[in-house]
Amino acid sequence: MPALVLLGAQWGDEGKGKATDLLGDRVDYVVRYQGGNNAGHTVVIGDQKYALHLLPSGILSPNVIPVIGNGVVIDPGVLLQEIAGLTERGIDCSKLLISTNAHLITPYHRTIDKVSERFLGKSKIGTTGRGIGPAYADKINRIGIRVQDLFDPSILRQKIESALRDKNQVLIKVFNRKNIEVEEVLEEYLAYAEILRPYVADTVLILNEALKAGKRVLLEGSQGTLLDVDHGTYPFVTSSNPTAGGACTGSGIGPTKIDRVIGIIKAYTTRVGSGPFPTELFDEDGEALRRIGGEIGVTTGRARRCGWFDAPIARYAVRVNGLTDFFLTKLDVLTGWEKIPVCVAYEIDGKRVEELPASQSDFHHAKPIYEYMPGWSEDITGARKLSDLPQAAQNYIAFLEKISGAPMSAIGVGPGRDETIVVKDFI
């Protein structure tokens, strides 16, 4: 049975947790394939709200095996806290599998992340300061520490010593910080070894064998398309590949084994951190979207920047991910507007531009060109099929589908697990 990918089609925070949870009971494995604890998924089940950071959203479905793939960078302390927190709330985490090849975030990664971001001043990227970027940098520089290294104390010591030989020089001489002791890091990380050992596995083999056996695998991305280090609004991006290609490299599942790629997209647009945002609002509408939509980062607690729906971004997400479907979320947040602007193109240097510009400079100067759709005032949270929606809401969905380039196969009309309209099933 083929796998499917579920990813963010904007700048992240689109509601991927809700979408993954919706599918969770009908898949066998849910795999987180990139990112670290700089991500956050919120899942609402009944009157319970769960904030997930490293664990796949499938952890909340009792019949699903959750997997942290090789493309993820793991802060062991954060992971164990998250497992403990869910266990206290009655969630069984014993089925969790962690790739032996996933890389680890260490104290020196977190320290360098924080001090280097401060050093940038006005040019800061907007990093969460959790060590994700430096951990990925060490991975690419071939000096990273992997999960499997926890189980070989001599190799672990060698790798920590090698890393701190250079990093302590930078901390002391460039950032005027104290050095980090090898023994402190070694002692902390050796203590994680036996706690994590029951979860560690050859996840690439397990997932491919599962697909051969007819099992359904869901690959879950964190962040979003425009935060992709290759295809996003560089340098204001994350340090990994949330796009569909990253699902393959971050899980070890080949592209020919994937048949659906679902893009999660909000009925408006948000982003966290620095960087260009053509439809960003600085007025009462922006504040209203933030307040009604609860637009506060799950992981960071930072207020999200808010703006209207951006069709060139949606079309770009279809293009670079090969999206087969959209899952439109937070439609209910738009209830109450008399008319709703939709960005259909940009004006750049006096010219109309239909697609996301290849030049970052052009994107910084892009001004949205809007078309306006009639709004609605009716409460839509009880809708369970398209015909339950006010005509204006139906027209809004149809318009977004037409200008985005992929079908709106599901629509979120509220935060709850059951507050979803399924137009075309994903499985």
Non-neighbouring partners of Tyr346 that pass ring-ring contact (aromatic ring centres under 6.0 Å, His included), sequence neighbours left out
Phe363
Can you name the side-chain hydrogen bond (donor to acceptor under 3.5 Å, both in side chains) partners of Arg110, sequence neighbours left out?
Asp75
Pairs where residues 397-407 contributes a residue and the test side-chain hydrogen bond (donor to acceptor under 3.5 Å, both in side chains) is met, not counting sequence neighbours
none
Test of understanding: with ring-ring contact (aromatic ring centres under 6.0 Å, His included), list the residues that count as partners of Tyr108, not counting sequence neighbours.
none
Name all residues meeting the side-chain hydrogen bond (donor to acceptor under 3.5 Å, both in side chains) criterion together with Glu280; count only those two or more places apart in sequence or in a different chain, and write none if there are none.
Arg305
Can you pull out every side-chain hydrogen bond (donor to acceptor under 3.5 Å, both in side chains) where at least one residue sits in residues 362-378? Sequence neighbours excluded, please.
Thr335-Trp376
Test Tyr189 against Tyr192 for ring pair (Phe, Tyr, Trp, His ring centres under 6.0 Å), laying out the working first.
CA-CA 5 Å; Tyr189 277 64; Tyr192 292 133; 5.1 Å; yes
Residue pairs passing the salt bridge (charged side-chain N to carboxylate O under 4.0 Å, His left out) test with at least one member in residues 78-87, sequence neighbours excluded, are none
Under the rule for ring-ring contact (aromatic ring centres under 6.0 Å, His included), what residues qualify as partners of Phe309, not counting sequence neighbours?
none
Suppose we screen for ring-ring contact (aromatic ring centres under 6.0 Å, His included). Which residues come up paired with Tyr199, at least two apart in sequence or across chains?
none
Given Trp11, which of Phe277, Tyr268, Phe236 fulfils the ring-ring contact (aromatic ring centres under 6.0 Å, His included) condition?
Phe277
I'd like to check the salt bridge (charged side-chain N to carboxylate O under 4.0 Å, His left out) partners of Glu209; sequence neighbours left out, ordered by chain and number.
Lys212
Using the side-chain hydrogen bond (donor to acceptor under 3.5 Å, both in side chains) criterion, which residues pair with Asp259? Sequence neighbours excluded.
none
Sequence neighbours excluded, which residues qualify as side-chain hydrogen bond (donor to acceptor under 3.5 Å, both in side chains) partners of Thr420?
Lys18
